[in-house]
Amino acid sequence: MDDLAAQLADRRAQGLYRQRQIITGAHGVRVQMGQQSLLSFCSNDYLGLASEPRIVNAFCVAATRYGVGSGASHLITGHNHAHHALEEELAEFVGAPRVLLFSTGYMANLGVVTALAKRHGTVFEDKLNHASLIDAARLSNANVQRYPHADVDRLTALVTASDGDKLITTDAVFSMDGDLAPLEDLAALAAQHQAWLLVDDAHGLGVLGPEGRGSLADCGIAIKPPTILMGTLGKAFGVFGAFVAGSHELIETLIQQARTYIYTTALPPAVAEAARASLKIVQTEIWRRQHLFALVEHFVDGARNLGLRLADSQTPIQPVIFGDAKRALAASEYLRDQGILVTAIRPPTVPRDTARLRITFSAAHEIAHVDRLLDALSRLPVTP
Ligand SMILES: *Cc1c(COP(=O)(O)O)cnc(C)c1O
(Lines give C-alpha, C1' and ligand atoms only; values in the text may rest on other atoms or scores of the structure.)
Protein backbone atom coordinates (compact mmCIF):
# COMPACT_ATOMS: atom_id res chain seq x y z
CA MET A 1 0.00 0.00 0.00
CA ASP A 2 2.91 2.35 0.67
CA ASP A 3 4.00 1.67 -2.90
CA LEU A 4 1.16 3.74 -4.30
CA ALA A 5 2.31 6.89 -2.51
CA ALA A 6 5.90 6.29 -3.63
CA GLN A 7 4.82 5.71 -7.24
CA LEU A 8 2.70 8.85 -7.23
CA ALA A 9 5.59 10.91 -5.84
CA ASP A 10 7.86 9.47 -8.51
CA ARG A 11 5.41 10.41 -11.25
CA ARG A 12 5.22 13.93 -9.92
CA ALA A 13 9.00 14.23 -9.86
CA GLN A 14 9.15 13.23 -13.54
CA GLY A 15 6.57 15.80 -14.61
CA LEU A 16 4.12 13.00 -15.48
CA TYR A 17 1.51 13.59 -12.79
CA ARG A 18 -1.97 14.08 -14.24
CA GLN A 19 -4.66 16.27 -12.82
CA ARG A 20 -8.18 17.05 -13.92
CA GLN A 21 -9.26 20.59 -14.67
CA ILE A 22 -12.75 21.47 -13.57
CA ILE A 23 -14.81 23.18 -16.26
CA THR A 24 -17.81 25.06 -14.98
CA GLY A 25 -19.69 25.99 -18.14
CA ALA A 26 -20.66 24.56 -21.52
CA HIS A 27 -18.03 23.27 -23.88
CA GLY A 28 -16.81 25.75 -26.47
CA VAL A 29 -13.74 27.64 -27.65
CA ARG A 30 -14.03 29.59 -24.39
CA VAL A 31 -13.97 27.47 -21.29
CA GLN A 32 -14.61 28.70 -17.80
CA MET A 33 -12.29 27.27 -15.14
CA GLY A 34 -12.90 28.74 -11.74
CA GLN A 35 -12.33 32.50 -12.07
CA GLN A 36 -10.52 32.15 -15.37
CA SER A 37 -12.06 32.25 -18.85
CA LEU A 38 -9.65 30.56 -21.25
CA LEU A 39 -9.43 30.36 -25.03
CA SER A 40 -9.21 26.63 -25.64
CA PHE A 41 -7.18 24.87 -28.35
CA CYS A 42 -7.35 21.34 -27.06
CA SER A 43 -10.78 19.85 -27.61
CA ASN A 44 -11.82 17.33 -30.25
CA ASP A 45 -14.94 19.36 -31.02
CA TYR A 46 -13.63 20.00 -34.54
CA LEU A 47 -16.86 21.34 -36.01
CA GLY A 48 -17.91 23.37 -32.97
CA LEU A 49 -21.02 21.24 -32.40
CA ALA A 50 -20.70 20.24 -28.73
CA SER A 51 -22.99 23.07 -27.60
CA GLU A 52 -24.89 23.63 -30.86
CA PRO A 53 -28.42 24.80 -29.92
CA ARG A 54 -30.22 22.66 -32.54
CA ILE A 55 -28.48 19.54 -31.24
CA VAL A 56 -29.12 20.49 -27.62
CA ASN A 57 -32.77 20.99 -28.50
CA ALA A 58 -33.02 17.58 -30.21
CA PHE A 59 -31.55 16.06 -27.08
CA CYS A 60 -34.04 17.82 -24.78
CA VAL A 61 -37.07 16.97 -26.92
CA ALA A 62 -36.01 13.32 -27.05
CA ALA A 63 -35.34 13.17 -23.30
CA THR A 64 -38.86 14.42 -22.69
CA ARG A 65 -40.21 11.75 -24.99
CA TYR A 66 -37.99 8.75 -24.17
CA GLY A 67 -36.74 9.57 -20.68
CA VAL A 68 -33.16 9.66 -19.53
CA GLY A 69 -32.03 6.05 -19.35
CA SER A 70 -32.32 3.35 -22.01
CA GLY A 71 -33.16 0.87 -19.26
CA ALA A 72 -31.33 -2.19 -20.61
CA SER A 73 -28.80 -3.49 -23.08
CA HIS A 74 -29.63 -3.54 -26.81
CA LEU A 75 -30.40 -7.25 -26.81
CA ILE A 76 -32.90 -6.99 -23.95
CA THR A 77 -35.17 -3.94 -24.25
CA GLY A 78 -32.66 -1.11 -24.73
CA HIS A 79 -32.77 -0.90 -28.53
CA ASN A 80 -34.94 2.12 -29.24
CA HIS A 81 -36.30 3.39 -32.54
CA ALA A 82 -33.91 6.35 -32.14
CA HIS A 83 -30.87 4.03 -32.12
CA HIS A 84 -32.15 2.11 -35.09
CA ALA A 85 -32.83 5.23 -37.14
CA LEU A 86 -29.36 6.58 -36.31
CA GLU A 87 -27.75 3.31 -37.44
CA GLU A 88 -29.55 3.47 -40.77
CA GLU A 89 -28.66 7.11 -41.33
CA LEU A 90 -25.01 6.54 -40.42
CA ALA A 91 -24.83 3.54 -42.78
CA GLU A 92 -26.08 5.69 -45.62
CA PHE A 93 -23.73 8.52 -44.65
CA VAL A 94 -20.54 6.44 -44.65
CA GLY A 95 -21.69 4.24 -47.53
CA ALA A 96 -21.73 0.91 -45.70
CA PRO A 97 -24.32 -1.88 -45.77
CA ARG A 98 -24.78 -1.82 -41.99
CA VAL A 99 -23.80 0.08 -38.87
CA LEU A 100 -23.85 -0.96 -35.21
CA LEU A 101 -23.87 1.61 -32.40
CA PHE A 102 -21.59 1.21 -29.40
CA SER A 103 -21.52 3.29 -26.24
CA THR A 104 -17.97 4.55 -26.82
CA GLY A 105 -15.18 4.25 -29.34
CA TYR A 106 -13.08 2.47 -26.75
CA MET A 107 -15.75 -0.20 -26.41
CA ALA A 108 -16.31 -0.43 -30.17
CA ASN A 109 -12.64 -1.21 -30.76
CA LEU A 110 -12.63 -3.78 -27.96
CA GLY A 111 -15.78 -5.35 -29.36
CA VAL A 112 -14.63 -5.69 -32.97
CA VAL A 113 -11.12 -6.89 -32.24
CA THR A 114 -12.14 -9.48 -29.65
CA ALA A 115 -14.95 -10.75 -31.88
CA LEU A 116 -12.65 -11.21 -34.90
CA ALA A 117 -9.25 -12.06 -33.43
CA LYS A 118 -9.06 -15.48 -31.86
CA ARG A 119 -6.38 -17.76 -30.49
CA HIS A 120 -3.73 -18.59 -33.15
CA GLY A 121 -4.65 -15.48 -35.10
CA THR A 122 -2.59 -12.28 -35.20
CA VAL A 123 -3.49 -8.63 -34.69
CA PHE A 124 -1.14 -6.11 -36.33
CA GLU A 125 -0.97 -2.71 -34.69
CA ASP A 126 0.66 0.53 -35.81
CA LYS A 127 3.00 1.61 -32.99
CA LEU A 128 1.11 4.90 -32.62
CA ASN A 129 -2.39 3.40 -32.56
CA HIS A 130 -4.85 4.69 -29.99
CA ALA A 131 -4.73 2.95 -26.60
CA SER A 132 -8.15 1.37 -27.18
CA LEU A 133 -6.85 -0.55 -30.23
CA ILE A 134 -3.78 -1.68 -28.33
CA ASP A 135 -5.88 -2.78 -25.34
CA ALA A 136 -8.33 -4.55 -27.64
CA ALA A 137 -5.57 -6.69 -29.11
CA ARG A 138 -4.26 -7.50 -25.64
CA LEU A 139 -7.71 -8.55 -24.52
CA SER A 140 -8.13 -10.91 -27.45
CA ASN A 141 -6.35 -14.26 -27.29
CA ALA A 142 -4.53 -13.54 -30.52
CA ASN A 143 -0.83 -12.81 -31.02
CA VAL A 144 -0.06 -9.12 -31.18
CA GLN A 145 2.50 -7.60 -33.52
CA ARG A 146 3.21 -3.88 -33.45
CA TYR A 147 4.79 -2.38 -36.56
CA PRO A 148 6.76 0.89 -36.85
CA HIS A 149 4.51 3.87 -37.48
CA ALA A 150 2.96 3.79 -40.99
CA ASP A 151 5.67 1.39 -42.19
CA VAL A 152 3.87 -0.64 -44.86
CA ASP A 153 7.01 -2.54 -45.92
CA ARG A 154 7.62 -3.79 -42.40
CA LEU A 155 3.95 -4.65 -41.99
CA THR A 156 3.96 -6.54 -45.30
CA ALA A 157 6.87 -8.64 -44.07
CA LEU A 158 5.09 -9.39 -40.78
CA VAL A 159 1.79 -10.26 -42.44
CA THR A 160 3.49 -12.46 -45.02
CA ALA A 161 5.34 -14.37 -42.30
CA SER A 162 2.29 -15.07 -40.15
CA ASP A 163 -0.20 -17.93 -40.33
CA GLY A 164 -3.79 -18.03 -39.22
CA ASP A 165 -6.40 -15.28 -39.16
CA LYS A 166 -5.11 -11.75 -39.52
CA LEU A 167 -6.43 -8.38 -38.46
CA ILE A 168 -4.64 -5.11 -39.22
CA THR A 169 -5.70 -2.14 -37.09
CA THR A 170 -4.87 1.51 -37.58
CA ASP A 171 -5.90 5.00 -36.62
CA ALA A 172 -6.89 6.81 -39.85
CA VAL A 173 -5.81 10.19 -38.46
CA PHE A 174 -3.29 9.58 -35.68
CA SER A 175 -4.77 11.14 -32.60
CA MET A 176 -1.64 12.71 -31.11
CA ASP A 177 0.21 13.51 -34.35
CA GLY A 178 -2.50 14.46 -36.82
CA ASP A 179 -0.89 12.58 -39.71
CA LEU A 180 -2.74 10.13 -41.94
CA ALA A 181 -2.37 6.36 -42.20
CA PRO A 182 -1.39 4.98 -45.64
CA LEU A 183 -4.93 3.66 -46.08
CA GLU A 184 -4.74 2.73 -49.78
CA ASP A 185 -1.62 0.63 -49.17
CA LEU A 186 -3.11 -0.97 -46.07
CA ALA A 187 -6.35 -1.84 -47.89
CA ALA A 188 -4.42 -3.40 -50.79
CA LEU A 189 -2.23 -5.38 -48.39
CA ALA A 190 -5.24 -6.59 -46.42
CA ALA A 191 -7.06 -7.69 -49.59
CA GLN A 192 -3.99 -9.48 -50.91
CA HIS A 193 -3.45 -11.45 -47.68
CA GLN A 194 -7.08 -11.96 -46.72
CA ALA A 195 -6.57 -9.99 -43.54
CA TRP A 196 -9.24 -7.80 -41.98
CA LEU A 197 -8.47 -4.07 -41.87
CA LEU A 198 -10.02 -2.11 -38.99
CA VAL A 199 -9.79 1.65 -39.56
CA ASP A 200 -10.38 3.84 -36.49
CA ASP A 201 -11.54 7.18 -37.90
CA ALA A 202 -12.24 8.96 -34.61
CA HIS A 203 -10.51 12.12 -35.91
CA GLY A 204 -11.41 11.93 -39.60
CA LEU A 205 -15.16 11.40 -39.45
CA GLY A 206 -16.96 14.70 -39.95
CA VAL A 207 -13.67 16.41 -40.79
CA LEU A 208 -12.29 14.72 -43.93
CA GLY A 209 -13.85 13.54 -47.17
CA PRO A 210 -16.90 14.76 -49.09
CA GLU A 211 -19.62 15.91 -46.66
CA GLY A 212 -17.30 14.84 -43.83
CA ARG A 213 -17.78 11.16 -44.65
CA GLY A 214 -14.33 10.43 -43.26
CA SER A 215 -10.89 9.22 -44.20
CA LEU A 216 -11.99 6.14 -46.14
CA ALA A 217 -14.35 8.18 -48.31
CA ASP A 218 -11.56 10.71 -48.79
CA CYS A 219 -9.37 7.92 -50.23
CA GLY A 220 -12.22 6.32 -52.18
CA ILE A 221 -12.00 3.06 -50.21
CA ALA A 222 -15.27 1.14 -49.96
CA ILE A 223 -16.48 -0.20 -46.62
CA LYS A 224 -16.75 -3.87 -47.51
CA PRO A 225 -14.60 -6.86 -46.57
CA PRO A 226 -11.76 -6.67 -45.74
CA THR A 227 -12.33 -3.07 -44.59
CA ILE A 228 -14.17 -2.14 -41.39
CA LEU A 229 -14.75 1.41 -40.15
CA MET A 230 -14.97 2.51 -36.52
CA GLY A 231 -16.30 6.04 -36.11
CA THR A 232 -16.98 8.08 -32.99
CA LEU A 233 -19.73 10.56 -32.21
CA GLY A 234 -17.98 12.38 -29.34
CA LYS A 235 -15.47 14.31 -31.46
CA ALA A 236 -16.48 16.17 -34.63
CA PHE A 237 -20.12 15.17 -34.03
CA GLY A 238 -19.99 16.89 -30.65
CA VAL A 239 -22.21 14.28 -28.96
CA PHE A 240 -21.25 10.89 -27.50
CA GLY A 241 -21.06 7.28 -28.63
CA ALA A 242 -19.51 5.36 -31.50
CA PHE A 243 -20.30 2.92 -34.27
CA VAL A 244 -18.84 0.18 -36.41
CA ALA A 245 -19.66 0.06 -40.12
CA GLY A 246 -19.25 -3.00 -42.31
CA SER A 247 -20.94 -5.83 -44.11
CA HIS A 248 -24.23 -7.35 -43.02
CA GLU A 249 -22.42 -10.52 -41.85
CA LEU A 250 -19.89 -8.53 -39.85
CA ILE A 251 -22.56 -6.57 -38.02
CA GLU A 252 -24.59 -9.70 -37.29
CA THR A 253 -21.41 -11.34 -35.96
CA LEU A 254 -20.82 -8.38 -33.64
CA ILE A 255 -24.39 -8.56 -32.36
CA GLN A 256 -23.78 -12.24 -31.48
CA GLN A 257 -20.23 -11.94 -30.19
CA ALA A 258 -18.99 -8.47 -29.28
CA ARG A 259 -19.02 -8.53 -25.50
CA THR A 260 -18.76 -4.74 -25.20
CA TYR A 261 -21.98 -4.57 -27.21
CA ILE A 262 -23.88 -7.32 -25.45
CA TYR A 263 -23.01 -6.79 -21.80
CA THR A 264 -23.62 -3.10 -21.39
CA THR A 265 -26.52 -0.67 -21.15
CA ALA A 266 -27.58 0.93 -24.45
CA LEU A 267 -26.86 4.61 -24.99
CA PRO A 268 -29.73 6.84 -23.87
CA PRO A 269 -32.07 7.26 -26.87
CA ALA A 270 -31.84 11.04 -26.43
CA VAL A 271 -28.12 10.80 -27.18
CA ALA A 272 -28.98 8.97 -30.41
CA GLU A 273 -31.46 11.71 -31.34
CA ALA A 274 -28.83 14.35 -30.65
CA ALA A 275 -26.43 12.45 -32.92
CA ARG A 276 -29.09 12.36 -35.67
CA ALA A 277 -29.45 16.14 -35.45
CA SER A 278 -25.67 16.47 -35.52
CA LEU A 279 -25.38 14.23 -38.58
CA LYS A 280 -27.65 16.58 -40.56
CA ILE A 281 -25.45 19.54 -39.66
CA VAL A 282 -22.22 17.65 -40.38
CA GLN A 283 -23.49 16.80 -43.85
CA THR A 284 -25.03 20.10 -44.85
CA GLU A 285 -22.96 22.85 -43.22
CA ILE A 286 -19.93 22.60 -45.44
CA TRP A 287 -18.73 26.01 -44.27
CA ARG A 288 -17.68 24.41 -40.98
CA ARG A 289 -15.04 22.25 -42.66
CA GLN A 290 -13.97 25.06 -44.99
CA HIS A 291 -13.49 27.45 -42.10
CA LEU A 292 -11.73 24.78 -40.01
CA PHE A 293 -9.16 24.15 -42.73
CA ALA A 294 -8.68 27.89 -43.30
CA LEU A 295 -7.80 28.15 -39.59
CA VAL A 296 -5.35 25.25 -39.87
CA GLU A 297 -3.66 26.84 -42.88
CA HIS A 298 -3.44 30.20 -41.14
CA PHE A 299 -1.86 28.54 -38.12
CA VAL A 300 0.66 26.47 -40.10
CA ASP A 301 1.76 29.54 -42.11
CA GLY A 302 2.09 31.63 -38.96
CA ALA A 303 3.94 28.94 -37.03
CA ARG A 304 6.39 28.50 -39.90
CA ASN A 305 7.08 32.23 -39.92
CA LEU A 306 7.84 31.98 -36.22
CA GLY A 307 10.27 29.15 -36.93
CA LEU A 308 8.23 26.70 -34.83
CA ARG A 309 8.86 23.08 -35.66
CA LEU A 310 5.54 21.44 -36.48
CA ALA A 311 4.74 17.82 -37.18
CA ASP A 312 3.81 16.66 -40.68
CA SER A 313 0.07 17.22 -40.26
CA GLN A 314 -2.53 18.79 -42.52
CA THR A 315 -5.39 18.06 -40.15
CA PRO A 316 -6.82 20.14 -37.29
CA ILE A 317 -4.44 18.27 -34.93
CA GLN A 318 -1.20 20.28 -34.86
CA PRO A 319 1.31 19.07 -32.28
CA VAL A 320 4.32 21.14 -31.23
CA ILE A 321 6.88 18.65 -29.91
CA PHE A 322 9.02 19.61 -26.91
CA GLY A 323 10.45 16.19 -26.06
CA ASP A 324 10.90 16.63 -22.35
CA ALA A 325 7.68 16.39 -20.33
CA LYS A 326 8.58 19.22 -17.94
CA ARG A 327 9.28 21.62 -20.80
CA ALA A 328 5.98 20.79 -22.44
CA LEU A 329 4.28 21.40 -19.09
CA ALA A 330 6.08 24.72 -18.64
CA ALA A 331 4.92 25.82 -22.11
CA SER A 332 1.35 24.82 -21.32
CA GLU A 333 1.49 26.76 -18.03
CA TYR A 334 2.87 29.84 -19.76
CA LEU A 335 0.04 29.78 -22.31
CA ARG A 336 -2.46 29.39 -19.52
CA ASP A 337 -1.11 32.52 -17.83
CA GLN A 338 -1.81 34.23 -21.17
CA GLY A 339 -5.41 33.01 -21.08
CA ILE A 340 -4.91 30.17 -23.56
CA LEU A 341 -5.61 26.53 -22.81
CA VAL A 342 -3.48 23.89 -24.54
CA THR A 343 -2.78 20.80 -22.48
CA ALA A 344 0.61 19.12 -22.50
CA ILE A 345 0.47 15.52 -23.70
CA ARG A 346 3.06 13.36 -22.00
CA PRO A 347 4.10 9.70 -21.87
CA PRO A 348 2.60 7.14 -21.75
CA THR A 349 -0.03 8.76 -24.02
CA VAL A 350 2.83 9.52 -26.44
CA PRO A 351 6.22 7.77 -26.76
CA ARG A 352 9.08 8.74 -24.43
CA ASP A 353 10.82 12.02 -25.21
CA THR A 354 8.01 13.22 -27.45
CA ALA A 355 5.98 15.25 -24.92
CA ARG A 356 4.09 17.93 -26.77
CA LEU A 357 1.50 20.61 -26.90
CA ARG A 358 -1.35 19.10 -28.87
CA ILE A 359 -3.03 22.08 -30.49
CA THR A 360 -6.40 21.45 -32.11
CA PHE A 361 -8.75 23.72 -33.99
CA SER A 362 -12.51 23.98 -34.13
CA ALA A 363 -14.84 25.59 -36.64
CA ALA A 364 -15.97 27.75 -33.71
CA HIS A 365 -12.56 29.48 -33.60
CA GLU A 366 -11.98 32.75 -35.41
CA ILE A 367 -8.86 33.80 -37.30
CA ALA A 368 -8.24 36.37 -34.54
CA HIS A 369 -8.13 33.51 -32.00
CA VAL A 370 -5.40 31.83 -34.02
CA ASP A 371 -3.47 35.10 -34.14
CA ARG A 372 -3.68 35.31 -30.35
CA LEU A 373 -2.34 31.78 -30.07
CA LEU A 374 0.52 32.51 -32.49
CA ASP A 375 1.38 35.67 -30.59
CA ALA A 376 1.57 33.76 -27.31
CA LEU A 377 3.63 30.98 -28.93
CA SER A 378 6.09 33.61 -30.23
CA ARG A 379 6.79 34.61 -26.63
CA LEU A 380 7.18 31.12 -25.11
CA PRO A 381 9.86 31.05 -22.40
CA VAL A 382 10.76 27.46 -23.37
CA THR A 383 11.57 26.61 -26.98
CA PRO A 384 10.34 23.44 -28.62
C1 LIG B 1 -11.12 9.16 -28.79
C2 LIG B 1 -10.65 7.98 -29.53
C3 LIG B 1 -11.22 6.74 -29.32
C4 LIG B 1 -12.23 6.48 -28.23
O5 LIG B 1 -13.45 7.02 -28.54
P6 LIG B 1 -14.45 7.33 -27.32
O7 LIG B 1 -15.79 7.39 -27.96
O8 LIG B 1 -13.99 8.63 -26.75
O9 LIG B 1 -14.31 6.20 -26.36
C10 LIG B 1 -10.82 5.69 -30.12
N11 LIG B 1 -9.87 5.86 -31.05
C12 LIG B 1 -9.27 7.05 -31.26
C13 LIG B 1 -8.22 7.17 -32.32
C14 LIG B 1 -9.63 8.15 -30.49
O15 LIG B 1 -9.02 9.31 -30.67
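Counting starts at 1 for both ligands and their atoms, following the listed order.
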Using heavy atoms and a 4.0 Å limit, tell me yes or no: is Met107 in contact with ligand 1?
no
Please state whether Gly234 comes within less than 4.0 angstrom of ligand 1, counting heavy atoms only.
no
Could you work out, with side-chain contact (heavy atoms from CB on, under 4.5 Å) as the rule, every residue matching Ala277, not counting sequence neighbours?
Ile55, Ala58
Under 4.0 Å from one or more heavy atoms of Asp171, ligand 1 contributes atoms 13 (C)
With heavy-atom distances below 4.0 Å as the criterion, list the atoms of ligand 1 near Ala202.
2 (C), 11 (N), 12 (C), 13 (C), 14 (C), 15 (O)
Would you mind telling me if ligand 1 is within reach of the side chain of Asp200, the backbone, both or neither, using heavy atoms under 4.0 Å?
side chain
Looking only at heavy atoms, is any part of Ser132 under 4.0 Å from ligand 1, and if so is it the side chain, the backbone, or both, or is it neither?
side chain
Salt-bridge criterion met for Arg138 and Asp135 (N-O under 4.0 Å):
yes
Among non-hydrogen protein atoms, atom 4 (C) of ligand 1 lies closest to Tyr106 N, 3.6 Å
At what distance is the nearest protein heavy atom to atom 7 (O) of ligand 1, and which residue and atom is it?
Gly105 N, 2.7 Å
Can you check whether Ser140's main-chain N or O pairs, donor with acceptor, with Thr114's side chain at less than 3.5 Å?
no
Do Ser247 side-chain atoms and Arg98 backbone N/O form a donor-acceptor pair below 3.5 Å?
no
Can you label the angle between the Trp287 ring and the His291 ring as parallel, tilted or perpendicular, going by 30° and 60°?
tilted
N/O of Lys235 under 3.5 Å from N/O of ligand 1, yes or no?
yes
Do any nitrogen or oxygen atoms of Ser175 lie less than 3.5 angstrom from nitrogen or oxygen atoms of ligand 1?
no
Exercise: identify the closest heavy-atom pair between Gly214 and Asp201
CA-OD2, 3.3 Å
Let's go through Phe102 and Phe243 carefully: what are the C-alpha distance in whole Å and the side-chain angles of both, what is the deciding distance for ring pair (Phe, Tyr, Trp, His ring centres under 6.0 Å) to 0.1 Å, and is it a yes or a no?
CA-CA 5 Å; Phe102 281 77; Phe243 66 91; 9.7 Å; no
